[in-house]
Amino acid sequence: MKRGDLIEMLKPYGEPLETPEGVLFEMVDEESGTYDRIAIYTPDIGQETVMRAFLQAIEDLTDHDIPGRNVFAFGFRPDFEGTVMEVSFRSGKGGVLLGRVPERIVEIAKRNRIPFERGDGKGILLNGSSGEDVDVLTKLIEAVVFEW
């Protein structure tokens, strides 16, 4: 996905910020304070299945008041004082793998009955490209941002 296309797709939900490294999208609840809460990023904006999950999660989350400053970064790891979690793609048999992630993410996935497997690697790994795989990743991203 090209940066310009990504920016246009994000505009209905807020004002994306283009940086030299990539694109940043913030969800900030001014009433609860602007403390850094969680940042979820993908290093590769060219991975379309991960991008679909991010965009769908952002669309769904804009209907809710989520406390603090929550960041989605596309193409780079953001400088962020809160928790930073990477999401990437790995071709496999499908589903979502949780690699080295905070135990709290595993608990959130279990509590929300989001199917996952534990795997090696860093962060959250989308292990397939079917519509069902994207839906599972979307639900996990939403649950993590909502409950963090």
Side-chain angles (χ1 to χ4, degrees), residues 1-19 21-29 36-80 82-148:
M1 180 175 292
K2 295 179 183 175
R3 276 190 194 195
D5 294 339
L6 174 59
I7 290 168
E8 288 304 312
M9 294 173 97
L10 289 168
K11 281 184 177 178
Y13 313 110
E15 191 58 41
L17 174 65
E18 186 169 13
T19 72
E21 298 89 10
V23 177
L24 194 69
F25 185 82
E26 297 180 333
M27 301 177 89
V28 179
D29 179 27
D36 284 356
R37 194 163 165 259
I38 189 163
I40 299 178
Y41 78 99
T42 183
D44 181 8
I45 67 171
Q47 183 34 253
E48 202 162 311
T49 52
V50 171
M51 298 303 292
R52 283 194 327 229
F54 269 60
L55 291 166
Q56 184 61 52
I58 289 168
E59 178 182 343
D60 294 347
L61 289 166
T62 56
D63 293 337
H64 303 282
D65 291 329
I66 301 167
R69 177 175 174 246
N70 305 280
V71 169
F72 289 88
F74 302 88
F76 70 104
R77 185 184 197 285
D79 184 21
F80 194 77
T83 301
V84 179
M85 185 55 43
E86 180 179 336
V87 178
S88 56
F89 179 81
R90 180 170 81 184
S91 184
K93 64 179 182 172
V96 171
L97 295 177
L98 299 180
R100 289 185 305 274
V101 298
E103 189 61 28
R104 190 169 174 189
I105 289 179
V106 175
E107 293 167 6
I108 290 169
K110 286 179 181 177
R111 188 169 42 253
N112 287 278
R113 297 188 176 120
I114 297 170
F116 69 91
E117 291 182 33
R118 291 307 304 252
D120 57 348
K122 178 172 66 170
I124 299 169
L125 301 159
L126 180 61
N127 201 31
S129 58
S130 74
E132 184 177 325
D133 297 329
V134 172
D135 289 346
V136 169
L137 179 58
T138 300
K139 288 176 185 166
L140 179 61
I141 292 169
E142 290 173 4
V144 167
V145 172
F146 196 70
E147 293 185 26
W148 198 258

Handout entry: ring-ring contact (aromatic ring centres under 6.0 Å, His included): pairs with one or both residues in residues 106-148, sequence neighbours excluded
Key = His64-Phe146
Practice task
Return each pair, listed once, that meets ring-ring contact (aromatic ring centres under 6.0 Å, His included) where at least one residue sits in residues 89-110; pairs must be two or more places apart or across chains.
Solution key: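 The answer is none; no pair qualifies.
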Exercise for the section: Look at the side chain of Thr42 and the backbone N and O of Val87, then say whether any donor-acceptor pair between them is shorter than 3.5 Å. Expected result: yes
Problem - Arg118 side chain vs Leu98 backbone, donor-acceptor pair below 3.5 Å - result: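 Yes, the answer is positive, given that a donor and an acceptor are paired below the 3.5 Å cut-off.
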Listed by chain and number, what are the side-chain hydrogen bond (donor to acceptor under 3.5 Å, both in side chains) partners of [X], not counting sequence neighbours?
X	value
Asp29	Ser32
Asn112	Glu147
Thr62	none

Could you grab the distance from atom [atom1] of [X] to atom [atom2] of [Y], nearest 0.5 Å is fine?
X	Y	atom1	atom2	answer
Ser91	Leu126	OG	CG	10.0 Å
Leu137	Glu142	CG	CD	10.0 Å
Thr83	Ile40	OG1	CD1	10.0 Å
Ser129	Gln47	OG	CD	7.5 Å
Asp5	Met51	CG	CE	10.0 Å
Asp135	Leu140	CG	CG	12.5 Å

Exercise for the section: Can you run down the side-chain hydrogen bond (donor to acceptor under 3.5 Å, both in side chains) pairs that involve residues 119-128, sequence neighbours left out, and say none if there aren't any? Expected result: Glu86-Lys122, Arg90-Asp120
Atom of [X], atom of [Y] and distance for their closest heavy-atom approach:
X	Y	value
Thr138	Ala53	OG1-CA, 3.2 Å
Met9	Tyr13	O-CE1, 3.4 Å
Ala57	Ile141	CB-CG2, 3.7 Å

Handout entry: side chain to side chain contact (heavy atoms under 4.5 Å, CB included) between Leu10 and Val23, intermediate numbers included
Key = CA-CA 10 Å; Leu10 289 168; Val23 177; 3.9 Å; yes
Using the test salt bridge (charged side-chain N to carboxylate O under 4.0 Å, His left out), find all partners of [X] that sit at least two apart in sequence or belong to another chain.
X	value
Glu18	Arg3
Glu8	Lys11
Glu48	none
Lys93	Glu117

Exercise for the section: Quick one: do Leu55 and Glu59 satisfy side chain to side chain contact (heavy atoms under 4.5 Å, CB included)? Show the steps, please. Expected result: CA-CA 6 Å; Leu55 291 166; Glu59 178 182 343; over 6 Å; no
Exercise for the section: Taking the side chain as every heavy atom from C-beta outward, state whether Val134 and Gln56 have any pair of such atoms under 4.5 Å apart. Expected result: no
Handout entry: Heavy-atom check, side chain of Val136 versus side chain of Ile114, under 4.5 Å
Key = yes
Problem - Neighbour count >12 (heavy atoms, 6.0 Å) for atom CZ, Arg111 - result: yes
Practice task
Tell me, please, which residues at least two apart from Val84 pass side chain to side chain contact (heavy atoms under 4.5 Å, CB included).
Solution key: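 Per chain and number, Val84 pairs via side chain to side chain contact (heavy atoms under 4.5 Å, CB included) with Ala39, Tyr41, Arg77, Pro78, Phe80.
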Handout entry: Working for side chain to side chain donor-acceptor pair (under 3.5 Å), residues Ser130 and Glu132
Key = CA-CA 5 Å; Ser130 74; Glu132 184 177 325; 5.5 Å; no
Could you list the donor-acceptor pairs under 3.5 angstrom formed between side-chain atoms of residues 65-75 and any protein atom two or more places apart in sequence or on another chain?
| from | atom 1 | to | atom 2 | distance (Å) |
| --- | --- | --- | --- | --- |
| Arg69 | NE | Glu26 | OE2 | 2.9 |
| Arg69 | NH1 | Asp36 | OD1 | 2.7 |
| Arg69 | NH1 | Asp36 | OD2 | 3.3 |
| Arg69 | NH2 | Glu26 | OE2 | 2.6 |
| Asn70 | OD1 | Arg37 | NH1 | 2.9 |
| Asn70 | ND2 | Pro67 | O | 3.1 |

Practice task
Go through Leu61 and Met27 one step at a time and tell me if the side chain to side chain contact (heavy atoms under 4.5 Å, CB included) criterion holds.
Solution key: CA-CA 9 Å; Leu61 289 166; Met27 301 177 89; 3.6 Å; yes
